*Asks:* 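Take a look at this one; I'll ask things after.
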Amino acid sequence: MVLETIAKIIKVQLPAYLKRLPLPETIGGFARLTVSEWLRLLPLLGILALLGYLTIRPFLPKKKKQRDSLINLKIQKENPKVVNEIDIEDLNSANVCYCRCWRSKTFPVCDKSHLKHNELTGDNVGPLILKKKIL
Ligand code: FES
């Protein structure tokens with residue numbers, strides 16, 4: 001049923017529509033078209049423009065979304081700059097991992113969110129590990 005309808009449109013209605021179009025024989029003929037003739041041409045011109053755009057779209061330079069260039073997606077967005085200060089003397093454990101991927105829910109401390117981020121994006125970020133020398 002659907003294919004019959006599509007076939008009828010392509011075989012009968014489309015040729016009849018194209019025959020009735022007021023296509024001028026010369027470029028200058030477009031200047032002599034009336035408003036109603038232009039209106040009858042609009043659907044065809046729209047389809048041709050869409051097909052042209054879809055054809056060249058793969059070759060157009062990709063616009064980089066602003067969101068893609070952000071490193072920090074949600075940490076302390078209310079601040080103009082995120083700065084964390086930690087006194088080395090205050091480090092209690094032998095190893096402390098600090099987040100460098102900006103995805104940690106315990107920022108600035110790494111919660112291993114970088115693993116998921118790396119898996120999803122193919123990135124290779126990891127934490128900064130501070131090791132305390134035990135003498
Ligand atoms: S969670 Fe960000 S580096 Fe580990």
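These numbers were taken from a predicted model, which means no experiment stands behind them. Count residues from 1 along the sequence. When a ligand or atom number is given, it counts from 1 through the structure's own listing order.
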*Asks:* For residues 24-39, which residue pairs pass the side chain to side chain donor-acceptor pair (under 3.5 Å) check, not counting sequence neighbours?
*Replies:*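 Every side chain to side chain donor-acceptor pair (under 3.5 Å) pair that includes a residue of residues 24-39, provided the two are not neighbours, is Thr34-Ser36, Thr34-Glu37.
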
*Asks:* What are the two closest heavy atoms between Cys101 and Cys99, and how far apart are they?
*Replies:*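 For Cys101 versus Cys99, the nearest heavy atoms are N-SG, 3.4 Å.
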
*Asks:* State, with a plain yes or no, whether a side-chain heavy atom of Trp102 is found less than 4.5 Å away from one of Leu70.
*Replies:*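 Result no, sub-4.5 Å side-chain heavy-atom pair not found.
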
*Asks:* Looking at Lys77, I'd like to know if its NZ atom is crowded, meaning that more than 12 non-hydrogen atoms belonging to other residues, nucleotides or ligands lie closer than 6.0 Å.
*Replies:*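 Counting other residues, nucleotides and ligands, NZ of Lys77 exceeds 12 neighbours.
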
*Asks:* Which pairs would a plain distance check flag for residues 110-130, meaning a side-chain donor or acceptor within less than 3.5 Å of a matching protein atom at least two apart in sequence or in another chain?
*Replies:*
| from | atom 1 | to | atom 2 | distance (Å) |
| --- | --- | --- | --- | --- |
| Asp111 | OD1 | Ser104 | OG | 3.4 |
| Asp111 | OD1 | Ser113 | N | 2.9 |
| Asp111 | OD1 | Ser113 | OG | 2.5 |
| Asp111 | OD2 | Lys105 | N | 2.9 |
| Asp111 | OD2 | Ser113 | OG | 3.2 |
| Ser113 | OG | Arg103 | O | 3.4 |
| His117 | NE2 | Asp123 | OD2 | 3.0 |
| Asn118 | OD1 | Val125 | N | 3.2 |
| Asn118 | ND2 | His114 | O | 3.3 |
| Asn118 | ND2 | Val125 | O | 2.8 |
| Thr121 | OG1 | His117 | O | 2.7 |
| Thr121 | OG1 | Asp123 | N | 3.1 |

*Asks:* Below 2.8 Å, which protein N, O or S atoms neighbour atom 2 (Fe) of ligand 1, ignoring water?
*Replies:*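 For atom 2 (Fe) of ligand 1, the protein N, O and S atoms that sit under 2.8 Å away are Cys99 SG, Cys101 SG.
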
*Asks:* Just to verify, what does Asp87 make a side chain to side chain donor-acceptor pair (under 3.5 Å) with, not counting sequence neighbours?
*Replies:*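 Per chain and number, Asp87 pairs via side chain to side chain donor-acceptor pair (under 3.5 Å) with no residue.
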
